[in-house]
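Here's the structure we're looking at; comments come further down.
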Protein chains: 2
Amino acid sequence: MRHKNVEIVAEKCALQEILDVIGGKWAMSIIYALFSGTRRFSELERMIPGINTRMLVKELKNLTQNGIVTRKVYPTVPPTVEYTLTPKGRKLEPSIAELYKWGQEYVK
Amino acid sequence: MRHKNVEIVAEKCALQEILDVIGGKWAMSIIYALFSGTRRFSELERMIPGINTRMLVKELKNLTQNGIVTRKVYPTVPPTVEYTLTPKGRKLEPSIAELYKWGQEYVK
DNA sequence: CGGAATCCCTCAAGATACTG
DNA sequence: CAGTATCTTGAGGGATTCCG
């Protein structure tokens, strides 16, 4: 008999927070795009094929509220808005980079 | 000017495969539970609070089809079914472990 | 024990048009 | 340019019952 005691894993808190951040369909793509540095809204839109305005806005708002990215507005005309990863967000880099590596190794 | 060229990131293939595997609400919990070794269906059910039968079945089927876990049936009465990570699945360990660490560091 | 089969429902995600 | 504002759809997920 290999497993006498079944330990409880995946207590809600940690898992939920993680999935709230990277669980969305586009969150990882956005974070990944921001690894390369600060980006404007339209840059992100062009870097991530298939995303639409509404989803980009929504995810960026979510990431901002979760303390993953910061949003900086320049009062220009037309408006300029820049998004940057926070330290908390940058700490996701190793994990996400690893996941991408895994994906590339195992896709077909 | 910091970013002359906007590189395209997050091509669909890699990202889609990754999210098909760990994007589901319970996938990460299941994979995480299997890091500790082979588990029976009912063990997983007890290790992951909040999951229900249907979702566990569904995710395990998904993970099996994606080559993340293997399913072994023993013709006993009552039936015994064991789930184990494949090498491909075990290669997710570093990334997911990192994510959990991140979650624990940054939850509240 | 390890599922399969139903029913039900919310909400994530898409498309599109409009605006300061 | 960087977003709102609507409308719509389908799939993800939950609860429950039944079965070999």
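Remember, predicted model here, so these are calculated numbers, not experimental data. Chain A is the first sequence line, chain B the second, and so forth, proteins listed ahead of strands; every chain is numbered from 1.
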Assert: residue with more 5' nearest nucleotide on DNA chain C, out of A/P78 and B/V73, is B/V73

Quick check on DNA chain C: between A/T53 and A/G23, whose nearest nucleotide comes earlier from the 5' end?
A/G23

How many whole angstroms separate atom CZ of B/F41 from atom P of C/dG3?
6 Å

Report, as yes or no, whether the 6.0 Å neighbourhood of atom NZ on A/K88 holds more than 12 heavy atoms from other residues, nucleotides or ligands.
yes

What's B/V57 touching, base or sugar-phosphate or nothing? Going by heavy atoms closer than 4.0 Å.
sugar-phosphate

Establish, with yes or no, whether the OP1 or OP2 oxygen of C/dA4 is under 4.0 angstrom from a side-chain nitrogen or oxygen of B/K58.
no

Just checking A/R54: base, sugar-phosphate only, or nothing, at a heavy-atom cut-off of under 4.0 Å?
base

Going from CE on A/M28 to CD1 on B/I18, what distance comes out if it is rounded to the nearest 0.5 angstrom?
4.5 Å

Atom OH of B/Y83 and atom P of C/dC1 are separated, to the nearest Å, by 15 Å

Taking any heavy-atom pair under 4.0 Å as a contact, classify B/S42: base, sugar-phosphate, or nothing.
sugar-phosphate

What is the distance, to the nearest angstrom, from the CG atom on A/L44 to the P atom on D/dG3?
10 Å

Counting only side-chain N and O atoms of B/R40, is one of them less than 4.0 Å from OP1 or OP2 of C/dG2?
yes

For B/L56 and D/dA15, give me the distance from atom CG to atom C1', rounded to whole Å.
16 Å

Has the side chain of B/T38 got a donor or acceptor atom that lies under 3.5 Å from a matching backbone atom of B/E82?
no

Could you please name the option among C/dG14, C/dA13, D/dG3 that lies closest to any side-chain atom of A/E59?
C/dA13

